Visitor: 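The structure is given below, and queries will be raised subsequently.
Proteins get letters first, then strands, A, B, ... in listed order; numbering begins at 1 in each. Here the structure is a predicted model, which means the values were calculated and not measured. Computation of the quantities below employed the complete heavy-atom set of this structure, encompassing side-chain atoms and omitting hydrogens, waters and symmetry-equivalent molecules.
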2 protein chains.
Amino acid sequence: MARDGSTRELLLDAYVALLIEEGERAATVQAVADRAGVSKGGLLYHFGSKADLEAGLIERFLAFGAEDVEALLRADDIVEAFLRSSIAVDSGFDRATVALVRLAQLPTGGPARAAMQRIDDAYASAIAERLGDEELAHAIVLMSDGIYLRSAMGALDPARAEAELESILAIARRLGA
Amino acid sequence: MARDGSTRELLLDAYVALLIEEGERAATVQAVADRAGVSKGGLLYHFGSKADLEAGLIERFLAFGAEDVEALLRADDIVEAFLRSSIAVDSGFDRATVALVRLAQLPTGGPARAAMQRIDDAYASAIAERLGDEELAHAIVLMSDGIYLRSAMGALDPARAEAELESILAIARRLGA
DNA sequence: GTCTATACTGAGATAGAC
DNA sequence: GTCTATCTCAGTATAGAC
């Protein structure tokens, strides 16, 4: 999950894991440090404040997202590539996304919301440009968002993810993708 | 919003409003009571505990949901009726839904998740039965879920809701609904 | 430079007693 | 329905290990 083995990345991993598994309330600075196996002071050496930690997570999400959009633009079948990346619930990007969904819902979640909007828009325009069909691209992104809602609620069964993917792909095909 | 003017309903209204506007963290028993204009003791007269309050919200959600499914089954155009009710971000049902999305994400959110799943399934089978197309019904419910994700993140602009509805309806029509 | 360990402040929530 | 004691958390500070 960590992009390298640095403590900074381990701290972000721990933050993501806590947000996903125990919710925003449990993701205190102390809990994140404990989970990463460093002291609280150690965390605050890398991230000066909790807001800084959140900013670090947003930065990671945006980096992952930009990579993902790049990969999408190189894929033969952009729709399958997009939906497959939506359903891959264990990738670092997906975990970062679900964690960010939690933060986006807080009163202070403005930056998280803006980051998600930015990536969503990048996806939508990449797909729309390739397919030449804005409406279709919109539908595909919206269905992907639906999957993320279920992921965020912990309601997505990884065992059924492949079947889900096939089902949505079939729908996309019917729409002309 | 309240189904009648009773204190019980006012307390649920206050709970919903706090969950939506300030997040789960801010929705303490004291804060809910304050917002409803009653004392903490007054709240605890109607709901014996915070868990009871949550159960009351789930009950309200299920009642709204059952009504909505009933109305759907009576509608001429089930798809338009469903999507229109998804996008009506200010109805009591939508507010209850967005509030419940917050609770569903907590470690203790099992009952909330189960309730949402129950209503989602009821929608999917009502639409599938009417259209005779399970895949199409699935796509429509998934797009509706996507809208709820944006609502839950506070990212849905009510002014653009009607345009959004038209866009999704057009997609549904292309799928044969 | 990257931490650990410890201890403190101040804000805000919580829980119970009365 | 208020009062009080307690708790948790963010953030700061310090001194020192590797």
Side-chain angles (χ1 to χ4, degrees), chain A residues 1-61 63 99-113 115, chain B residues 6-57 99 102-103 105-109 111-112:
Chain A
M1 234 155 299
R3 318 206 101 200
D4 53 42
S6 72
T7 302
R8 201 184 149 86
E9 297 299 325
L10 287 174
L11 284 163
L12 288 177
D13 287 346
Y15 187 33
V16 166
L18 278 169
L19 284 172
I20 292 175
E21 292 164 25
E22 301 182 42
E24 177 271 334
R25 206 166 178 166
T28 66
V29 169
Q30 183 69 62
V32 171
D34 287 351
R35 177 139 187 167
V38 303
S39 68
K40 184 181 162 183
L43 185 151
L44 291 169
Y45 171 77
H46 290 283
F47 301 97
S49 68
K50 195 171 191 186
D52 244 47
L53 183 63
E54 186 174 327
L57 176 56
I58 290 172
E59 201 181 327
R60 169 188 276 198
F61 166 80
L100 220 62
V101 169
R102 304 263 204 259
L103 295 179
Q105 291 170 75
L106 300 173
T108 55
R113 282 193 290 273
Chain B
S6 72
T7 302
R8 201 184 150 87
E9 297 299 324
L10 287 173
L11 284 163
L12 287 177
D13 288 345
Y15 187 34
V16 166
L18 278 169
L19 284 171
I20 293 175
E21 292 164 25
E22 300 182 44
E24 177 272 335
R25 207 166 177 165
T28 64
V29 168
Q30 183 68 63
V32 172
D34 287 352
R35 178 137 185 170
V38 304
S39 68
K40 183 178 160 187
L43 184 151
L44 291 169
Y45 170 78
H46 291 283
F47 300 96
S49 67
K50 196 169 188 184
D52 244 46
L53 184 63
E54 186 175 326
L57 176 55
R102 305 264 204 259
L103 296 179
Q105 291 171 75
L106 300 173
T108 55

Visitor: Nearest-nucleotide wise, let me know which of A/S39 and B/K40 is further upstream toward the 5' end of DNA chain C.
Guide: A/S39
Visitor: Compare side-chain N and O positions of A/T7 against OP1 and OP2 of C/dC3 and report whether any pair is under 4.0 Å apart.
Guide: yes
Visitor: Rounding to an integer number of Å, can you tell me how far A/E22 CD sits from D/dC9 C1'?
Guide: 16 Å
Visitor: How would you label the contact of A/G37 with the nucleic acid (heavy atoms, under 4.0 Å): base, sugar-phosphate, or nothing?
Guide: sugar-phosphate
Visitor: Tell me: OH of A/Y15 to C1' of D/dC9, nearest whole Å?
Guide: 14 Å
Visitor: Looking only at atom types and distance, does a side-chain atom of A/Q105 sit under 3.5 Å from a main-chain N or O of A/V101, one as donor and one as acceptor?
Guide: yes
Visitor: Output yes when at least one side-chain N/O atom of A/Y45 is less than 4.0 Å from OP1 or OP2 of C/dC3, else no.
Guide: no
Visitor: With rounding to the nearest 0.5 Å, note down the distance linking CG in B/L18 to CZ in B/R35.
Guide: 5.0 Å
Visitor: Could you tell me the separation between the OG1 atom of A/T108 and the NZ atom of A/K50, rounded to the nearest 0.5 Å?
Guide: 9.0 Å
Visitor: To the nearest angstrom, how far is A/D52 atom CG from D/dG11 atom P?
Guide: 9 Å
Visitor: Under 4.0 angstrom, heavy atoms only, what part of the nucleic acid is A/V38 near: base, sugar-phosphate, or nothing?
Guide: sugar-phosphate
Visitor: Mind checking B/G41 for me? I need base, sugar-phosphate or nothing, with any heavy atom below 4.0 Å counting as a touch.
Guide: nothing
Visitor: For the pair made of CG in A/L43 and P in D/dA10, what is the distance, rounded to whole Å?
Guide: 10 Å
Visitor: In whole Å, I'd like the distance from the CG atom of A/L11 to the P atom of C/dC3.
Guide: 8 Å
Visitor: Distance check needed: C/dG1 C1' versus A/H46 NE2, whole Å only.
Guide: 10 Å
Visitor: With a non-hydrogen cut-off below 4.0 angstrom, is B/R25 in contact with a base, only sugar-phosphate, or nothing?
Guide: nothing
Visitor: Does C/dT14 have its OP1 or OP2 closer than 4.0 Å to a side-chain nitrogen or oxygen of B/T28?
Guide: yes
Visitor: From CG of A/L106 over to P of D/dA10, roughly how many Å is that when rounded to an integer?
Guide: 13 Å
Visitor: Given B/Y15, which partner from the list B/L43, B/L10, B/L103, B/V29 fulfils the side chain to side chain contact (heavy atoms under 4.5 Å, CB included) test?
Guide: B/L103
Visitor: Counting N and O atoms only, with roles assigned by atom type, does the side chain of A/R60 sit under 3.5 Å from a partner on the main chain of A/E9, one being a donor and the other an acceptor?
Guide: yes
Visitor: Distance check needed: C/dG16 P versus B/Q30 CD, whole Å only.
Guide: 14 Å
